[in-house]
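Before I ask anything, here is the structure I am working with.
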Amino acid sequence: MQWTWGQLCGIFLTAVVSLLLGIAIQLDNTPADNEDWNFRMAESADSNKASFQEKQQSAFVVGYTGEVGKELVKELATSNIFSKVTLLGRRVVEYEDEKLKSLEQKVVDFDKLDEYEDLFKDHDVGFCCLGTTRGKSGVEGFKKVDHDYVLKTAELAKKTGCQHFNLLTSVGANKNSSFLYPRTKGLVESEITDLDFSRLSIYRPSMLLCDRTESRPGEWVLKKLLSPVTYLAPTAISVPTSTVAKAMVNNCVAPPGDKKVEIFENKAIHQISGTLKKK
Ligand SMILES: NC(=O)c1ccc[n+]([C@@H]2O[C@H](COP(=O)([O-])OP(=O)(O)OC[C@H]3O[C@@H](n4cnc5c(N)ncnc54)[C@H](OP(=O)(O)O)[C@@H]3O)[C@@H](O)[C@H]2O)c1
């Protein structure tokens, strides 16, 4: 029997998708670090939020106009866990929701962030959801945003007394990687760790799921192709932006663990968020 090119391509694609699915399902079933602790954080989120609120702390958010940042701002506004939330960004957003309108927005020039040191003062907690892509900003632009702006934000936060810094990076962050993206993320994680915050929480999500405002055709195609995998193995290679935001808030209100630096990989993010049921 002779195979046609079409049949061979079909067999090849089926084999690749099956292999990917197999790996993803295996990943989905692999336990995360500290699973019990993660699920307990999710279960106690409501009571933790109530006791945290009594502390009357304040927080700032950078990158609040991005996909994760937007969800985080919604979580912060609805949970009302801080007495004050300051949003620091390069542009002002018109909110329709009354709860969001009460958040203070300050416009800063990230190239001259030192000049805005005063805006960082009096915030106990910092959230950083900044980021761009190489495609949008080029190599130097990517490094400037994902490394320089992020590090400068953390330095100013530390200098002005922030106690708990929450840093969003990415799966695979590794300062020794030969690839630009994971190397930049890993480098900034390492340099911010060296700042020695009382508490540093690093979130490393995999592919973010959301209806992205900005057009990113490559990312869109990849998500469509991987949709069977994200459906069948939901914690393996993806996470909705709303889940990341919930995890950041649930972790923030939880009493600190015994480590000053906490790293949450994709599956742990799902568990802490409360969106994943314990098996
Ligand atoms: N895409 C993924 O699947 C994925 C997966 C894992 C991790 N991550 C990482 O997760 C983080 C958040 O991702 P996201 O998709 O929520 O990001 P996003 O939607 O692209 O938003 C990025 C934020 O950074 C700000 N920003 C970008 N360039 C800037 C500049 N030159 N000056 C000042 N602000 C600037 C944006 O402000 P404007 O709104 O004003 O542009 C926005 O607030 C990023 O660090 C990303 O690398 C992404």
Side-chain angles (χ1 to χ4, degrees), residues 60-75 86-95 103 105-113 116 119 127-154 156 166-174 177 179-189 192 201-227 229-230 235-248 263-270:
F60 73 81
V61 185
V62 294
Y64 70 96
T65 52
E67 297 300 338
V68 176
K70 276 190 268 188
E71 294 296 333
L72 177 65
V73 166
K74 274 193 242 164
E75 279 296 319
T86 310
L87 308 177
L88 303 173
R90 61 174 165 179
R91 63 193 172 92
V92 169
V93 177
E94 293 297 328
Y95 291 120
L103 307 177
Q105 294 186 56
K106 299 279 184 194
V107 174
V108 297
D109 178 348
F110 281 89
D111 282 327
K112 300 175 184 160
L113 213 49
Y116 299 86
L119 295 182
F127 293 93
C128 180
C129 306
L130 277 176
T132 186
T133 61
R134 185 177 171 161
K136 187 175 170 187
S137 307
V139 172
E140 292 314 313
F142 170 72
K143 285 194 214 161
K144 190 167 80 165
V145 177
D146 288 59
H147 177 270
D148 302 356
Y149 291 176
V150 171
L151 180 60
K152 181 52 76 179
T153 298
L156 290 171
N166 292 269
L167 172 65
L168 182 62
T169 63
S170 170
V171 63
N174 175 3
S177 172
F179 296 100
L180 175 72
Y181 186 83
R183 187 174 64 248
T184 307
K185 299 292 189 189
L187 196 61
V188 85
E189 282 186 357
I192 293 178
S201 305
I202 297 173
Y203 308 84
R204 290 179 176 170
S206 297
M207 184 172 67
L208 295 173
L209 301 178
C210 56
D211 290 325
R212 196 169 278 286
T213 315
E214 185 192 333
S215 159
R216 290 188 188 168
E219 194 175 306
W220 187 86
V221 171
L222 188 69
K223 277 180 194 161
K224 288 286 167 209
L225 282 176
L226 292 177
S227 55
V229 182
T230 57
T235 68
I237 57 158
S238 64
V239 58
T241 46
S242 56
T243 300
V244 180
K246 283 187 172 67
M248 291 175 96
I263 298 182
F264 301 106
E265 302 288 349
N266 197 59
K267 190 163 189 180
I269 292 173
H270 280 270

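Numbering of ligands and ligand atoms starts at 1, following listing order. Scope of the values below: all heavy atoms of this structure, side chains included, with no hydrogens, waters or symmetry mates.
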Q | Closest contact, heavy atoms only, V239 versus P205 | A |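 Taking every non-hydrogen atom into account, CG1-CB, 3.6 Å.
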(Q) Just to be sure I read this right, does ligand 1 sit under 4.0 Å from the backbone of R204, its side chain, both, or neither, counting only heavy atoms? (A)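 No part of R204 is near ligand 1 at this cut-off.
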(Q) To check your reading of the model: name the closest protein heavy atom to atom 20 (O) of ligand 1, its residue, and the distance in Å. (A) R216 NH2, 2.9 Å
**Q.** N or O contact, T132 vs ligand 1, cut-off under 3.5 Å
**A.** no
**Q.** atom 28 (N) of ligand 1 [closest protein heavy-atom partner, distance rounded to 0.1 Å]
**A.** R90 NH2, 3.6 Å
Q) Nearest protein heavy atom to atom 43 (O) of ligand 1, by residue and atom, and its distance? A) T65 OG1, 2.6 Å
Q: Test side chain to side chain contact (heavy atoms under 4.5 Å, CB included) on Y203 and I263 and set out the steps.
A: CA-CA 6 Å; Y203 308 84; I263 298 182; over 6 Å; no
Q. Any donor and acceptor pair, going by atom type alone, linking the side chain of H147 with main-chain N or O of F142 inside 3.5 Å?
A. no
**Q.** For the student: nearest non-hydrogen atoms of F127 and M248, plus distance
**A.** CD2-CE, 4.1 Å
Q: Give yes if a backbone or side-chain nitrogen or oxygen of S170 is under 3.5 Å from a nitrogen or oxygen of ligand 1, and no if not.
A: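 No.
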Q. Within less than 4.0 angstrom of ligand 1, does E219 place any heavy atom?
A. yes
Q) What pair of heavy atoms forms the shortest contact from L88 to F110, and how long is it? A) O-CZ, 4.1 Å
Q | Intermediate values then yes/no, side chain to side chain contact (heavy atoms under 4.5 Å, CB included), E67 and L208 | A | CA-CA 9 Å; E67 297 300 338; L208 295 173; 5.6 Å; no
**Q.** Exceeds 12 heavy-atom contacts within 6.0 angstrom, atom CZ of R183
**A.** yes
Q: Write out the residue and atom name of the closest protein heavy atom to atom 11 (C) of ligand 1, then the distance separating them to 0.1 Å.
A: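 Ranking protein heavy atoms by distance from atom 11 (C) of ligand 1, first comes L168 CD2, 3.5 Å.
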Q | For D146, the ligand 1 atoms whose distance to one of its heavy atoms is below 4.0 Å | A | 45 (O), 47 (O)
**Q.** Distance filter under 4.0 Å to F110 heavy atoms, resulting ligand 1 atoms
**A.**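 Near F110, meaning under 4.0 Å from one of its heavy atoms, ligand 1 has 33 (C).
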Q: For atom 7 (C) of ligand 1, state which one of L208, T169, V68 supplies the nearest heavy atom.
A: T169
Q. When you look at T169 and E189, which way does the side chain to side chain donor-acceptor pair (under 3.5 Å) test go after all the steps?
A. CA-CA 8 Å; T169 63; E189 282 186 357; 2.6 Å; yes
Q: Please confirm whether S206 comes within less than 3.5 Å of ligand 1 when only nitrogen or oxygen atoms on both sides are compared.
A: no
Q) Considering only protein heavy atoms, which is closest to atom 1 (N) of ligand 1, and at what distance to one decimal place? A) R212 NH2, 3.4 Å
Q.
For ligand 1 and G131, I'd like to know whether there is a polar contact (N/O to N/O, distance under 3.5 Å).
A.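 Indeed, backbone or side chain, G131 has an N or O that close.
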Q) Do you know which two heavy atoms are closest between G172 and P182, and how far apart they sit? A) O-CB, 3.2 Å
Q: Just need the protein heavy atom nearest to atom 8 (N) of ligand 1, so name the residue and atom and give the distance.
A: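 Its nearest protein heavy-atom neighbour is Y181 OH, 3.4 Å.
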Q: Would you kindly specify which portion of E71 sits under 4.0 Å from ligand 1, judged on non-hydrogen atoms: side chain, backbone, both or neither?
A: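 Under 4.0 Å from ligand 1, E71 contributes no heavy atoms.
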Q) Are more than 12 heavy atoms from other residues, nucleotides or ligands located less than 6.0 Å from atom CD of E94? A)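 Check fails, neighbour count at 12 or below.
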**Q.** Distance filter under 4.0 Å to M207 heavy atoms, resulting ligand 1 atoms
**A.**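 Here the atoms of ligand 1 in question are 3 (O).
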Q.
I need the nearest protein heavy-atom contact for atom 19 (O) of ligand 1: residue, atom name and distance, please.
A.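 Looking only at protein heavy atoms, the one closest to atom 19 (O) of ligand 1 is E67 N, 2.9 Å.
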Q: Give yes if a backbone or side-chain nitrogen or oxygen of G66 is under 3.5 Å from a nitrogen or oxygen of ligand 1, and no if not.
A: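 Between G66 and ligand 1, an N or O pair is found under 3.5 Å apart.
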Q. Which value, rounded to the nearest 0.5 Å, describes the distance between C210 atom SG and E71 atom CD?
A.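 The SG atom of C210 sits 8.0 Å away from the CD atom of E71.
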Q) Has ligand 1 got any nitrogen or oxygen that is less than 3.5 angstrom from a nitrogen or oxygen of K136? A) no
**Q.** Nitrogen or oxygen of E214 less than 3.5 angstrom from that of ligand 1
**A.** no
Q. Can you find a non-hydrogen atom of K70 under 4.0 Å from ligand 1?
A. no
(Q) Minimum heavy-atom separation for Q105 and R91, please, with both atom names. (A) OE1-O, 4.1 Å
(Q) Can you report which non-hydrogen protein atom sits closest to atom 32 (N) of ligand 1, along with the distance? (A)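 Here the nearest protein heavy atom works out to Y149 CE1, 3.5 Å.
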Q) Do NZ/NE/NH1/NH2 and the carboxylate oxygens of E140 and K144 come within less than 4.0 Å? A) no
Q) What are the two closest heavy atoms between T65 and K70, and how far apart are they? A)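 Minimum heavy-atom contact is O-CE, 3.7 Å.
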Q: Decide yes or no for F60 and L119: does some side-chain heavy atom of the first lie under 4.5 Å from some side-chain heavy atom of the second?
A: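 No. Closest side-chain heavy atoms not under 4.5 Å.
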Q) Mind checking whether L130 has an N or O less than 3.5 Å away from an N or O of ligand 1? A) yes
Q) Is the closest heavy atom of G89 to ligand 1 under 4.0 Å? A)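 Judged by the 4.0 Å heavy-atom criterion, G89 does not count as contacting ligand 1.
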